[in-house]
Amino acid sequence: MSTLATPLKGHAPPPEAPHPAAAPDPATDPMVPRPFRIVRVKKELSDTFTFDLVAQDGAPLGFRPGQFNMLYVFGVGEVPISISGDPAVPEVLVHTTRAVGTVTRAMWAMKAGATIGIRGPFGSAWPVETARGGDVVVVAGGIGLAPLRPLIHTLLNQRESFNRVMILYGARTPEDILYKTEVRAWRGRFDVSAQVTVDRATGGWSGPVGVVTRLINAGGFDAPSTTAFVCGPEVMMRAACDALTRKGVARGKVWLSMERNMKCALGFCGHCQWGGAFVCKDGPVFNYAAVADRLPVAEY
Amino acid sequence: MDDVSGLLRPADQSALIDALTARGYTVLAPVRQGDALTVAPVTALDQVARGWTADQTAGTYRLRRRDDARRFATTPAALPWKRVLHPPEAHLWTARDTGNGFEMISKPEPPPKQALLGLLPCDLAAIARQDKVFDNGTFADPVYTGRRENALLIAATCAQAGDTCFCAAMETGPDVRSPCDIALTELDDDAGWLVEARSGKGAEILSGLPLAPVPDTAFTQRDAIAEATAAAQIRTLPADTPGLLHRHLDHPHWQAVADRCLSCGNCTNQCPTCFCSNTEDVTSLDGTIAERRRVWDSCFSLDFTYATGRPLRQSTESRYRQWITHKLSTWHDQFGESGCIGCGRCITWCPVGIDITEEAAALAALEDAAEAAHA
Ligand SMILES: Cc1cc2nc3c(=O)[nH]c(=O)nc-3n(C[C@H](O)[C@H](O)[C@H](O)COP(=O)(O)OP(=O)(O)OC[C@H]3O[C@@H](n4cnc5c(N)ncnc54)[C@H](O)[C@@H]3O)c2cc1C
Ligand code: SF4
Ligand code: SF4
Ligand code: FES
């Protein structure tokens, strides 16, 4: 447990004593984190880990693929993290996080049994239902696979609703491939085409090397009937959306998930604004046709 | 019930403050503090500024004696009313470490009951803008909405345009247009206040006051005061400003503004519609008590867009563009109206005198010139 005596951000003094007002109800107040117990920690990569969490009040956290939660480490801070579990199993909340800074490093140090505060779920979802009857292309870059995993679960749970299903995944090196066991299982299925490319080959890597757009350019999907779901670094998403539309996929059938600084997830703090959108409530999942003009604008 | 109106003669005006106080309201009104007119709690009418106004131009604010006894012809107050409903620092909750997790032990203090006396029409419009921000259809912010529900709004017809004002162009004044509880007009020659109930709450208060009948000329005078104030305004915005800004996100003009802009955030602090905030998580010395606070923030601060290991809007030009585009363009996308109500504070309080109306006009002129060169 942190014993920070000074605030992480800003310069306010530490609180003296709690206000005597009645305690809020975390189950109904979207401003207030609900305590969840970490029941399992899995170290995925050298800097990336997955928590399985169970609500201390027992109420499952239902969500739609693509939505996110605000994760609070007691006394340290709060960060937006996508939900990575199977929406068909809401009893266990799954989050995969890369340790990059103050809060996510504090999470990295936590063990099973510890408590995390959760607010959510927030934001828009991957519109899986709009893809029914056609081909589906999932394009992921790096940690971007985490927000796409609930979508992939749903696609595979309802496999007969879709025509071809392609998963195109780019990682920096073979050591950076997330969810290796699952990726292997997807690759082993006859009804899924899962392809992985790396920026830089190491060890015994015999697969493709290069950016993920190459896998898009190689085709293998029926463009007019294809719905695409894209998540990764912004440069990668720009390139992927561009490659998909050049292949003939309609802009209105390409979906992407944006990342912006978020403090509230409720539309109040203004930090997540991207043009006229509040990414926390109008996104994070956007339709490419609606945002194609602002996606290339630098520092927007 | 809402159509109560009357004349409150100077000798009876204290009764309004007394009636508000008796109902448990803290009354806030324009007061003179040093060389500025600000907003502060008052308990008696003589604490409300009388016969003062302020001359405001780009980068300057000067207190001036009026040649009449008006109290609300102040031009926009130097400390905006915004802090009354959206406080610069708000407590959100406190949690305690139980040794086996944590539990919530408190939430925001009960909202204070506040009467805002002498709001200018622009500031009243700003409250209507913030109402939509803090109750956005999906979530309602308990801090703001609690204070707002408990608030009583008394707005005054504006009798003094500042040099930086442009409420007429933004269609938010100088008459009292936005929803409030009581509309008040200071009639000429200190003849008294024309008071008109605009809500049931307002009517209830007015009906307990010693009101004289409304003089025949009062409503004509009210409209004439507003018209004269509108006529005195010199600033406006170009046609289709939302579209103009939307078309030029990458315009080199933003660099020209950035060369002057200090990125200080005065404009966002002063702007009565700016709502952005940051979260502070703090703990007690022994680490067992954690508190979350919300503090005002500004899109001019570098950390505002911190993500993926760096600030997204690193350049001053991108931050100025965010400010002006949000106020005048993307606010329309979000809430169906402008984020600017034309109070001119950002112009007055900019240390280098950057003028939001001039920058929009400059962009329009550059667009026209480019089109002319093309034709
Ligand atoms: C919708 C959404 C979904 C995300 N999903 C995931 C995910 O599934 N897995 C994952 O590893 N990461 C995800 N991220 C990124 C993750 O939120 C950041 O890596 C994290 O906030 C970094 O916080 P920190 O304190 O550890 O880092 P620091 O770099 O120390 O951050 C410093 C400060 O900046 C703030 N900050 C930094 N980045 C962000 C950000 N993007 N949003 C808000 N505040 C930020 C932090 O709160 C902190 O106060 C997601 C981001 C968004 C917006
Ligand atoms: S942008 Fe400037 S003029 Fe417009 S409401 Fe804000 S402070 Fe007033
Ligand atoms: S102009 Fe900047 S500080 Fe003001 S509301 Fe918009 S983003 Fe927030
Ligand atoms: S995260 Fe606060 S407005 Fe979106």
Side-chain angles (χ1 to χ4, degrees), chain A residues 1-10 12-26 29-33 35 37 56 72-78 100-101 114-115 117 233-234 259-264 266-271 273 275-278 281 294 297-300, chain B residues 89 91-97 100-110 133-134 136 138-139 141-142 249-250 275-287 289-291 293-295 297 299 303-309 312-315 318 322 325-326 329-334:
Chain A
M1 191 59 56
S2 159
T3 51
L4 276 172
T6 48
L8 292 170
K9 307 143 230 160
E16 311 259 313
H19 293 277
D25 180 3
D29 189 340
M31 300 269 245
V32 175
R37 183 85 63 208
Q56 280 181 20
Y72 170 63
V73 181
F74 185 84
V76 178
E78 192 175 51
V100 295
T115 302
E234 219 165 298
E259 183 178 335
R260 281 293 179 272
N261 189 294
M262 292 184 181
K263 294 296 174 192
C264 71
L266 307 169
F268 303 149
C269 78
H271 280 242
Q273 289 178 81
F278 290 96
K281 83 189 172 62
R294 78 182 78 145
V297 179
E299 297 188 280
Y300 197 40
Chain B
E89 182 175 326
H91 167 85
L92 298 184
W93 47 255
T94 306
R96 178 173 54 206
D97 183 1
N100 182 30
F102 61 85
E103 63 176 4
M104 289 296 148
I105 51 179
S106 87
K107 64 176 170 186
E109 307 94 289
V133 171
F134 289 112
N136 58 33
T138 314
F139 300 107
D141 170 43
L249 295 173
D250 280 325
F275 55 81
C276 288
S277 64
N278 201 354
T279 300
E280 287 182 352
D281 285 305
V282 290
T283 52
S284 58
L285 286 170
D286 65 359
I289 305 283
E291 185 194 349
R293 293 185 192 138
R294 180 166 76 190
V295 293
D297 203 353
C299 58
D303 280 349
F304 192 81
T305 53
Y306 194 97
T308 57
L312 185 96
R313 293 186 204 120
Q314 305 218 354
S315 68
S318 70
Q322 166 61 24
T325 307
H326 188 214
S329 179
T330 54
W331 200 294
H332 286 268
D333 304 333
Q334 295 169 341

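Sequence lines set the chain letters: A, B, ... in the order given, protein chains first and strands last, and positions in each chain run from 1.
In this structure, the portion of B/H326 lying under 4.5 Å from any heavy atom of chain A is its side chain and not its backbone. Contacts between A/A298 and chain B at a heavy-atom distance below 4.5 Å involve the backbone alone (N, CA, C, O). For a residue to count as touching a neighbouring chain, one of its non-hydrogen atoms must lie under 4.5 Å from one of that chain's; by this rule B/D141 touches chain A with backbone and side chain alike. With a 4.5 Å cut-off on non-hydrogen atoms, B/R294 touches chain A through its side chain but not through its backbone.
Of all heavy-atom pairs spanning A/M31 and B/P142, the tightest one is CE-CD, 3.6 Å. When every heavy atom of A/Y72 is checked against every heavy atom of B/A290, the shortest pair comes out as OH-CB, 3.4 Å. Among all heavy-atom pairs drawn from B/G287 and A/F74, the shortest one is O-CE2, 3.3 Å. Of all the heavy atoms in A/G275 and B/Q334, the pair that sits closest is O-NE2, 4.0 Å.
Inspection of the B/S315 and A/E299 side chains reveals an N or O donor paired with an N or O acceptor under 3.5 Å.
With values rounded to the nearest 0.5 angstrom, A/D29 atom CG is found 9.0 Å from B/L92 atom CG. In this structure, CD on A/Q273 lies 5.5 Å from CD on B/Q322, to the nearest 0.5 angstrom. Atoms CG and CD, from B/D281 and A/E78 in turn, are 6.5 Å apart once rounded to the nearest 0.5 Å. Taken from CZ in B/R313 to OH in A/Y300, the straight-line distance is 8.5 Å, to the nearest 0.5 Å. To the nearest 0.5 Å, atom NZ of residue A/K281 and atom CG of residue B/N136 are 4.5 Å apart. Between the CD atom in A/Q56 and the CZ atom in B/F102 there is a gap of 7.5 Å [rounded to 0.5 Å].
Note on ring orientation: taking the six-membered ring where Trp is involved, the planes of B/F134 and A/F268 are tilted (angle from 30° to 60°).
Note: B/S318 leads B/A307, B/S318, B/S329 in heavy-atom pairs under 4.5 Å with chain A. Between chain A and the residues B/F275, B/Y306, B/F304, B/W331, the most heavy-atom pairs under 4.5 angstrom are made by B/F304.
Remark: side-chain polar atoms of A/H271 are not paired, donor with acceptor, to backbone N or O of B/C276 under 3.5 angstrom.
Here the side chains of B/M104 and A/P35 are not in contact, with every heavy-atom distance at 4.5 Å or above.
With a 6.0 Å radius and a threshold of 12 heavy atoms from other residues, nucleotides or ligands, A/R294 has its CZ atom above the threshold.
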Next on the checklist: Could you go through A/R37 and B/N100, starting from their C-alpha distance and side-chain angles, then the distance that decides it, and tell me whether this counts as side chain to side chain contact (heavy atoms under 4.5 Å, CB included)?
Outcome noted: CA-CA 10 Å; A/R37 183 85 63 208; B/N100 182 30; 3.1 Å; yes
